[in-house]
Amino acid sequence: MTEQKNSAKDRTLALAVALTSAASLAYELLLLRYFALMYWDHFAHLIISMALLGFGASGTVLALAQHRLLCHFHRWSFISGLLFAFSLLAATSLAGRIGFNPPAVIWEGEQLLRLAVVFLLTMVPFLCAGTCIGLAMRWRSDLAARLYQADLTGAACGALLLMGLLFFLPPQDAVRILALLTLLSPALILAARPTPLARTALAGSLLLLLIWPHQWLEPAVSPFKELSRTLLIPGVEIAAQTDAPTGQFAALTSRQIPFRLAPGLSMRSPVMPPDQVLLFRDGHPAGPINHVPRDLESMAYLRWTPMGLPYALLNRPKVLILGSGGGSDVGHALLEGARQVDAVEPNHSLTGFLRGQFASFSGNLYQHDRVRLLPADLRGSLAATQTTFDLIQISPLGTASPPAGDGQALQPSHLFTREGISLALSRLPPQGILAISMPFESPPRGAVKMVATVTQALQKDWNTLAPSQHVAVIRSWNICTLIVSPSPLAPDQRTTIRDFCRSRAFDLAWLPDIAASEVNRFHVLPHPFLYEAVQEIWHGRNPSRLSAFNLTPATNDRPWFGHFFRWPSLPRLWRERSTGTASLLEWEYLLLWMSLAVAVTLSLLAIALPLKLRYRRDAPDRGQQRSGFALIVYFASLGLAFFFLEMVFMQQFILFLNHPVTAMAVIVPSFLFFAGCGSGVVQQLALHGLAEKTSRQNRTLLLAIGMILIIAALYLWLLPLVFRIGAAWPLSLRVLLTTLLIGGLAFWMGMPFPLGMQHLGRQCQDMMPLAWGVNGCFSVISAIAATILAVEAGFRVVTIAALVLYGLAAAVEHHLQP
Amino acid sequence: MRKARSTMVRIIEADVTATSTAIGRSRLSPEVLKAMGDVPRHEFVPKEEQPAAYLNMPLPIGYGQTISQPYIVALMTDLLAPTPQSKVLEIGSGSGYQAAVLSLLVKEVHTLEIIPALAEQCRQRLKRLGFTNVHVHEGDGYYGLDAEKPFDGIVVTAAATYIPPPLIRQLKPGGRMVIPVGSPFAIQYLMLIEKNPQGEISTRQVLPVRFVPLTGDRD
């Protein structure tokens, strides 16, 4: 009877942990949405990674106060649960109202202080959640593995729950639901030890969460985002808005002053853009929807943009539009008589506007009998099809234009890698055309990097001897278009390109037979930068005038097209920021390094403080010192290695699953769930007394780490092959395979942490909170360090680093015993 | 504040000297520099930004707008080549600072602002500070001000994905139009559009220092 009762109590505790973990992971993902909406994506990732230091800090709190907390476990567990729920709403309400202005970071040091306040505020909920979970593990050290399993499984459920919520609710409603969910954990604790005061506190908290003012939870969107600025124009309003896990999408109409989005429109254009609806994703422009009243003639203005060039070269082509967004490029293709248009757009919400509320306004473009809409990832769609197209069009009117350095340096883009371009070229017939249009920056870093990428794809994957013969580059004052063909450009094509540019006052930057006198004529630059740089690329040299920037083509291993940063250039760019280099400082990347420094410093403090206090109280002998050091190395290695592998394989599987939402719904929960299963097995071993002996435990650990090393190494070699073979498989099969492949690795990854905790639970329970804190801190460091390492050295190096770290953990494990 | 303004002007001069190769001029006209030194920039920024008013940096002025950094304002003004007889149009009044600087150099400035509240603030401020030759209009900058055409110079500070044809029509032969390109806190370059006496248009980029090869001067 008592055994049954105890078992029920254990289950309740595990459920409380799972609920807390579910709410904390869901909140982590929700904060990403919040900050992406309020600020910019890269700041969102930065803030979240720092906020998770709260988990590390909870280890310090527990290490310092564990005995006091354990005396009244239920009371403190209950209080930290309530605080978690309350801080979740309070932090969300306050974080957007600190006055942090990301674009001003370039100029004002004070903005870094405001950013630090945002970090601290968002750390609090995770501190509370970490305290709840860590305290439970410390209290029932014999159940550490089971509770860790509950932690991981709960987190997997939290990820799925939030994705579901974001399909139906805006973030401000979702956060309240999470806060209410959070209250279930203290409610379970209360059920075990009910007191009138606790009941009242729980009821009061419930009431507080319910009456928390709605407007306090609304994201305070930066006034410098395009959406905020556009809404200030008289007569502009949000006509439609949808929330999805991938972003908040809005369609704006203007009653008084028409929108006029026509990037690159020639000054000689006799036609102007029609009425437009503007699309936004998370407050950033996502292209227009053009009014198509009867026929497609209203789209004729696009003939006067650089995006019109491929249609001057092809007759009634079969077209693939990558990132079709609001349908401008689709309408353009139909206007030019395309015999078939395949439109790929991963953001279902954007195309939803055109198929719903704005179907008639847009002339029912996506319902046209020659148009086929494919809701898929851009590169994934290329991999999945064997069809060839006469034209593959990528333009700034859609959603797939190459990322520029400004705020997008850390945004991976698998399409604009050497392999991605090569794949696109393989979907063209010999006379087909890949047309990539992008904003023309000054200096033209993006355009030059794209030429370098195309050159490498032609040379290395297509064995083209003279890539210069396959490429044309033209530009208006703000748009640059690259034309690439698997065959050399024919003389008549070159003539057409010249005529097209002359009639529209566009500049030629490259043609196979171009003369120096032909460049830089209409929109005059002090030097023909682009022409000179392209010539240097053909000659195998680095563009000398742009040597301040990283123009090495992106690859599958390092898919950061928008990363132009080079450390040697920093002093000069910084010094001269007041005279024009401000926009070239990749602040997101610099802040990543700064946050790594801050995370490492804070983590070391969080670890050193409890150790110092403990050692002051009980002077350690050498063995204890060694075991303390081993503990830090062991749990730090696991914290680092787990996320390193998770990040690498997540990036790879996103490509395979071919859709961001599917990828989010499958990859993260699979990792967490199967790691939880691994942890569950460790608990089973303990229950059967198999892990009681240190030698057996060592063997289990060695087996787990050995399996991780073998499987991860195998995946490095095997996955590209599997992905190539399975690219065209049905989604259900790909999801199944992804789940199995991730499960095969994650299962073993879930074992080393609980094995270490079990070890401590038997030998030195007081050190368990420190281990929890070390793991938490280094998980945060891992998230930042993995990105830096991947940007600098590539995913392969991140994988190898993870395997070395697992090896290190195995090597020090037997020193954990004091 | 006068001392702070003098310091600001010296910083602008130093920046211009440092970037002379890139911007194609070794110094700005003394009249432009004098105007920069005469206009009280602190009156054009919110109270909390006033301590930074004479630093060479852009500042937020509310409504998601900024007052451009002094170096850019001076360079844009100089590129317009203003004369005491000039009539200038500005699209995007913002705080009114650019219009105030221009007003000391030309006969008449017309400035158009699309956000009504900002237009009203700008109108009041310029009136209070005595810039009587600046006329603040509220409306869509795309069409310019047909009733006041032609203009010797046009400054377009509002974002544009293409150059509005009405503005080109309202530019006098021999006139100049300047458009800063980039985000409010980080101007990438200035675009200068010139209309020759025959009415033909040419455009060119005026480039900040970063376009000079960072490995060393090659010019």
Side-chain angles (χ1 to χ4, degrees), chain A residues 101 103-108 222-226 228-229 232-234 256-258 260-269 272-273 305 406-407 441-443 476-479 505 522-527 529 544-549 568-569 572-573 576-585, chain B residues 11 15-16 18-19 21-24 52 55-60 62-66 69 71-72 114-118 138-140 142 159-165 168 179 181-189 191 193 201-215 218-219:
Chain A
N101 179 18
V105 161
I106 299 166
W107 305 97
E108 294 176 52
S222 164
F224 291 96
K225 286 191 119 174
E226 276 303 317
S228 309
R229 289 150 59 92
L232 289 170
I233 298 171
Q256 292 177 29
I257 298 157
R260 303 178 187 96
L261 199 75
L265 187 70
S266 165
M267 281 197 288
R268 294 182 182 172
S269 173
M272 292 293 126
T305 65
D406 185 18
E441 320 164 282
S442 265
S476 71
W477 69 275
N478 62 355
I479 295 292
F522 297 105
H523 175 56
V524 180
L525 311 177
H527 294 280
F529 294 111
S544 54
R545 283 188 183 276
L546 299 173
S547 61
F549 307 107
S569 315
R572 185 163 176 185
L573 290 175
E576 293 169 358
R577 72 189 189 285
S578 67
T579 50
T581 64
S583 67
L584 301 175
L585 282 163
Chain B
I11 290 169
D15 278 349
V16 169
T19 58
T21 317
I23 60 177
L55 300 179
N56 188 20
M57 60 194 252
L59 294 169
Y63 301 95
Q65 312 288 318
T66 55
Q69 65 175 114
Y71 166 77
I72 295 287
I114 201 166
I115 302 167
L118 215 47
E138 188 186 311
D140 183 3
Y142 179 85
T161 60
Y162 63 96
I163 302 153
I168 293 172
I179 304 178
V181 179
S183 71
F185 284 92
I187 301 296
Q188 258 188 31
Y189 59 88
M191 191 164 78
I193 299 157
I201 295 293
S202 68
T203 67
R204 69 186 164 95
Q205 261 186 16
V206 177
L207 308 165
V209 70
R210 58 195 165 91
F211 305 103
V212 179
L214 293 173
T215 47
R218 289 163 59 97
D219 297 321

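Residue numbers begin at 1 in each chain, while the letters A, B, ... track the order of the sequences.
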Problem - Side chain / backbone / both / neither for B:Ile168 at chain A, heavy atoms under 4.5 Å - result: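 It is the side chain, since no backbone atom gets that close.
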Handout entry: Which atoms of B:Pro164 approach chain A - backbone, side chain, both or neither, heavy atom under 4.5 Å
Key =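 No part of B:Pro164 comes within 4.5 Å of chain A.
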Exercise for the section: Return the set of residues passing side chain to side chain contact (heavy atoms under 4.5 Å, CB included) with B:Ser202 (not counting sequence neighbours), or none when no residue passes. Expected result: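 Side chain to side chain contact (heavy atoms under 4.5 Å, CB included) list for B:Ser202, sorted by chain: B:Glu194.
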Practice task
Using the side chain to side chain contact (heavy atoms under 4.5 Å, CB included) rule, take B:Tyr142 and A:Ile257 through it: C-alpha gap first, then chi angles, then the decisive distance, then the call.
Solution key: CA-CA 9 Å; B:Tyr142 179 85; A:Ile257 298 157; over 6 Å; no
Nearest-0.5 Å distance that lies between atom [atom1] in [X] and atom [atom2] in [Y]:
X	Y	atom1	atom2	value
A:Glu441	B:Tyr189	CD	OH	9.5 Å
B:Ile115	A:Arg229	CD1	CZ	8.0 Å
B:Ile201	A:His523	CD1	NE2	13.5 Å
B:Ile193	A:Met267	CD1	CE	6.0 Å

Problem - Heavy-atom pairs under 4.5 Å with chain A, option from B:Gly64, B:Gly62, B:Gly182 with the top count - result: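 Result: the option with the highest number of such pairs is B:Gly64.
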Which pair of heavy atoms, one from [X] and one from [Y], lies closest together, and at what distance?
X	Y	result
A:Trp477	B:Thr161	CZ2-O, 3.7 Å
A:Trp107	B:Gln69	CH2-OE1, 3.6 Å
B:Pro165	A:Met272	CG-CE, 3.5 Å

Handout entry: Close side-chain approach of A:Asn478 and B:Met191, heavy atoms under 4.5 Å
Key =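 In short, these two side chains do not touch, never coming nearer than 4.5 Å.
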Practice task
State, with a plain yes or no, whether a side-chain heavy atom of A:Ser476 is found less than 4.5 Å away from one of B:Tyr162.
Solution key: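 In short, these two side chains do not touch, never coming nearer than 4.5 Å.
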Handout entry: When A:Pro273, A:Ser269, A:Ala505, A:Pro258 are compared by non-hydrogen pairs under 4.5 Å with chain B, the top option
Key =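 When all of A:Pro273, A:Ser269, A:Ala505, A:Pro258 are compared, A:Pro273 has the most.
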Handout entry: Polar side-chain atom of B:Gln188 near backbone of A:Ser442 as donor-acceptor pair, under 3.5 Å
Key =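 Pair found, side chain donor or acceptor close to backbone of A:Ser442.
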